[in-house]
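Here is the structure we will look at, set down as structure tokens.
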Amino acid sequence: MLERAKAIEKQLIDWRRDFHLHPELGFNEHRTAARVAETLATLGWRVRSGVGRTGCGRRAGQGAPMIAIRADMDACPSGGR
């Protein structure tokens, strides 16, 4: 996994910078969620948008085992911690 991250390090940095340039508060992460869904779709994933309002997810296969990943996409308001 570390080798894969190193291989796309520049892209990861670009994504982080883009998200930080366009912070969105909780349940208003429309741009961020759209970018995440778009990126996952380019990887060939079938993406389900609107999960928990502005989240996105992917379901693959059937039955166990199952892996779930959760990541926050919202930003702190100006002057936040």
Problem - R16 atom CZ, over 12 foreign heavy atoms within 6.0 Å - result: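 It does: R16 CZ has more than 12 such atoms within range.
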Handout entry: R48 atom CZ, over 12 foreign heavy atoms within 6.0 Å
Key = no
Problem - Fellow cluster residues of I8, listed by chain then number, with links counted only when side-chain atoms sit under 4.5 Å apart - result: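 When side chains under 4.5 Å apart are linked, the cluster holding I8 also contains L12, W15, F19, V36, L40, L43, W45, V47, M73.
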Problem - Residues that, via side-chain heavy atoms closer than 4.5 angstrom, fall in one hydrophobic cluster with F27 - result: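 Listed partners: none, F27 stands alone.
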Fill in the blank from the handout: E24 meets the side-chain hydrogen bond (donor to acceptor under 3.5 Å, both in side chains) criterion, sequence neighbours left out, with T32
Handout entry: Under the salt bridge (Lys or Arg N to Asp or Glu O under 4.0 Å) test, residues paired with D14 that sit two or more places apart
Key = K10
Fill in the blank from the handout: Residues passing the side chain to side chain contact (heavy atoms under 4.5 Å, CB included) test with L2, sequence neighbours excluded, are K6
Handout entry: Listed once per pair and sorted, the salt bridge (charged side-chain N to carboxylate O under 4.0 Å, His left out) pairs that draw on residues 29-47, sequence neighbours left out
Key =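 Only D18-R31, D18-R35 qualify under salt bridge (charged side-chain N to carboxylate O under 4.0 Å, His left out).
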Practice task
Return the minimal non-hydrogen interatomic distance between A33 and C56, and the atom names on each side.
Solution key: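 Scanning both residues completely, I find the closest heavy atoms to be O-SG, 4.4 Å.
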